[in-house]
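Input: a single structure, listed below in structure tokens.
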Protein chains: 2
Amino acid sequence: MYTPSDFPPFAVTVDLVVLTVRGDALCALLVRRGEAPYRGRWALPGGFVQVAESVEAAAVRELSEETGVSGLHLEQLGTYGEPRRDPRMRVVSVAYLALAPDLPVPVAGTDAAAASWVPVGEASGLAFDHDRILGDGVERARAKLEYTALGTAFCSAEFTVAELRRVYEIVWGVSLDPRNFHRKVTGVEGLLVATGESTSRDGGRPAALFRRGVAEVLHPPLVRAPGP
Amino acid sequence: MYTPSDFPPFAVTVDLVVLTVRGDALCALLVRRGEAPYRGRWALPGGFVQVAESVEAAAVRELSEETGVSGLHLEQLGTYGEPRRDPRMRVVSVAYLALAPDLPVPVAGTDAAAASWVPVGEASGLAFDHDRILGDGVERARAKLEYTALGTAFCSAEFTVAELRRVYEIVWGVSLDPRNFHRKVTGVEGLLVATGESTSRDGGRPAALFRRGVAEVLHPPLVRAPGP
DNA sequence: GCAAAAGTGTTAAACATACACCCATGA
DNA sequence: TCATGGGTGTATGTTTAACACTTTTGC
């Protein structure tokens with residue numbers, strides 16, 4: 001144990017699945033690769049873990065570099081370590097999932113030709129095994145919306161119940177009853193904090209504005225159900 | 001990008017959280033370290049990922065080496081990559097969770113002084129950051145029992161409803177109503193397959209014996225509730 | 001017979017769904 | 001005044017928790 005032959009040349013990277021709700025679609029942040037391999041292909045943003053930084057810190061740093069924002073919800077998604085997933089060398093990649101509100105079009109990353117929001121339904125043929133990582137991230141996000149308060153992570157600081165409902169409808173691809181959804185989310189203690197303000201930006205009667213509360217889990221959970 | 005300086009000397013390992021229900025306690029498989037650092041301390045079994053093998057394959061291999069069994073449920077738990085978690089060098093470790101029936105006392109591993117089942121309540125002061133990894137594994141196991149069929153992974157090939165209930169009671173640390181539990185698990189389609197046999201090994205009226213079914217998820221989930 | 005555990009039936013309360021209905025605003 | 005979306009009330013059906021009760025074994 002612990003002889004030099006035990007330490008083959010591994011590189012460790014982080015890959016980021018950054019999701020947002022834009023228009024009518026769940027979108028992922030992708031970058032166009034400027035170098036071989038997979039030059040010109042879409043890929044997940046990411047990069048190498050530095051010697052002195054934790055893997056988590058590398059994810060936070062890359063996220064900030066690619067989106068220009070910080071403070072997003074960030075959680076580890078999984079680690080992908082097949083021997084030939086990168087044709088040049090042995091790379092083990094730790095994937096992270098971030099949920100973002102509808103940010104302005106992201107700045108082009110430091111070493112990426114272009115960065116853009118792409119609807120997840122149109123994102124395929126990505127570089128490396130990123131199709132699979134993105135799929136895992138979307139699946140995780142869908143599942144977490146059921147029993148955690150993460151739906152609010154897709155909303156801006158102040159939001160209406162209808163805006164939160166739209167997040168659920170788009171991420172799950174279903175229709176939800178506005179009346180029952182309203183009662184459900186306002187009934188979960190600690191999920192929403194009323195600001196006292198209201199807005200009529202959605203048309204019709206002004207809706208109350210809320211901020212995220214402290215609740216992390218949903219009791220009872222919201223359950224996916226088909227609509228009309 | 002991709003210059004030699006991007007590849008600092010990372011070692012990649014796997015660590016295994018192997019859990020079982022033994023007697024009245026949830027137990028983890030631990031090994032006594034035979035070498036520095038942390039010589040003499042309890043640690044999670046694990047080892048280095050080989051150059052040509054996938055991370056998942058390394059976990060399967062180590063599990064088989066440490067327990068002598070294969071075919072257990074094995075899932076990725078998370079990756080731990082703090083810079084100083086191993087005092088000698090930069091090590092990134094991918095942790096896996098395995099759930100096992102009450103196996104015979106494990107064989108001593110190839111490079112471990114001793115291997116033993118230790119109740120998770122008594123397992124602290126482990127080597128490296130293994131306290132945290134073990135805690136995360138136990139938490140994951142508890143959560144997964146709610147909405148997946150993994151409780152049966154703790155049972156031997158043929159088991160009674162009462163034995164499955166004991167798994168839930170011990171892992172969650174609660175009491176469950178035997179009548180309602182029986183109705184619930186036998187009502188989930190594909191969870192249990194009746195063998196037609198019965199046993200009176202638990203005393204009282206003989207209980208029907210079941211095998212694991214094909215169901216992976218529980219609809220509806222079992223929910224933790226406090227008992228008397 | 002008695003204790004112990006398996007398994008079934010029943011009931012009341014909690015919850016979810018569907019939808020009727022009223023409210024507040026912009027055009 | 002009408003269209004649009006916000007929000008409340010309520011009837012109906014489903015799920016669940018609690019527990020009374022019957023069954024089948026060992027001693």
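The model shown is predicted, which means the values in this text are computed figures rather than measured ones. All values below come from the heavy atoms of this structure, side chains included, with hydrogens, waters and symmetry mates left out. Protein chains get the first letters and strands the later ones, always in sequence-line order, with residue 1 at the start of each.
Using a 4.5 Å heavy-atom cutoff, the side chains of A:Tyr168 and A:Val174 are not in contact. Residues A:Leu150 and A:His73 form a side-chain contact, since some pair of their non-hydrogen atoms from C-beta on lies under 4.5 Å apart.
Taking both residues in full, the closest heavy atoms of B:Leu72 and B:Pro101 are given as CD2-CD, 4.0 Å, listed atom of the first, atom of the second, then distance.
Here the C1' atom of nucleotide D:dG6 and the CZ atom of A:Arg201 are 14 Å apart, to the nearest Å. When the P atom of D:dG6 is taken as reference, atom CZ of A:Arg166 falls 12 Å away, rounded to whole Å. In this entry the distance linking CD of B:Glu197 with C1' of C:dA6 reads 17 Å, nearest Å. Per the geometry, CD belonging to B:Glu163 stands 13 Å off C1' belonging to C:dA6, to the nearest Å. In this structure, A:Leu192 places its CG atom 14 Å from C1' of D:dG7, rounding to the nearest Å. Distance B:Asp202 CG to D:dT24 C1': 14 Å, rounded to the nearest Å. Atom pair B:Leu209:CG and C:dA6:P shows a separation of 12 Å (rounding to whole Å applied).
Heavy-atom nearest nucleotides on DNA chain D were determined for A:Gly203 and for B:Gly203, and the one closer to the 5' end corresponds to A:Gly203.
Relative orientation of the A:His130 and A:Phe128 rings is tilted, given thresholds of 30° and 60° on the angle between their planes.
Residues that satisfy the side-chain contact (heavy atoms from CB on, under 4.5 Å) test with B:Glu163, not counting sequence neighbours, are B:Phe159, B:Thr160, B:Arg201, B:Asp202.
For C:dT17, one of the phosphate oxygens OP1 or OP2 lies less than 4.0 angstrom from a side-chain nitrogen or oxygen of A:Lys184.
Nucleic acid contact for A:Arg165: sugar-phosphate only, since backbone atoms but no base atoms lie under 4.0 Å from a heavy atom of the residue.
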### Query
Tell me, for nucleotides 7-15 of chain C in 5' to 3' order, what letter each nucleotide earns: B for a base near a protein heavy atom under 4.0 Å, S for only sugar-phosphate near one, - for neither?
BBBB-----
### Query
Given the rule in the salt bridge (charged side-chain N to carboxylate O under 4.0 Å, His left out) test, do B:Asp15 and B:Arg85 qualify, once you have shown the distances and angles that lead to the verdict?
CA-CA 13 Å; B:Asp15 284 317; B:Arg85 58 181 293 281; 3.6 Å; yes
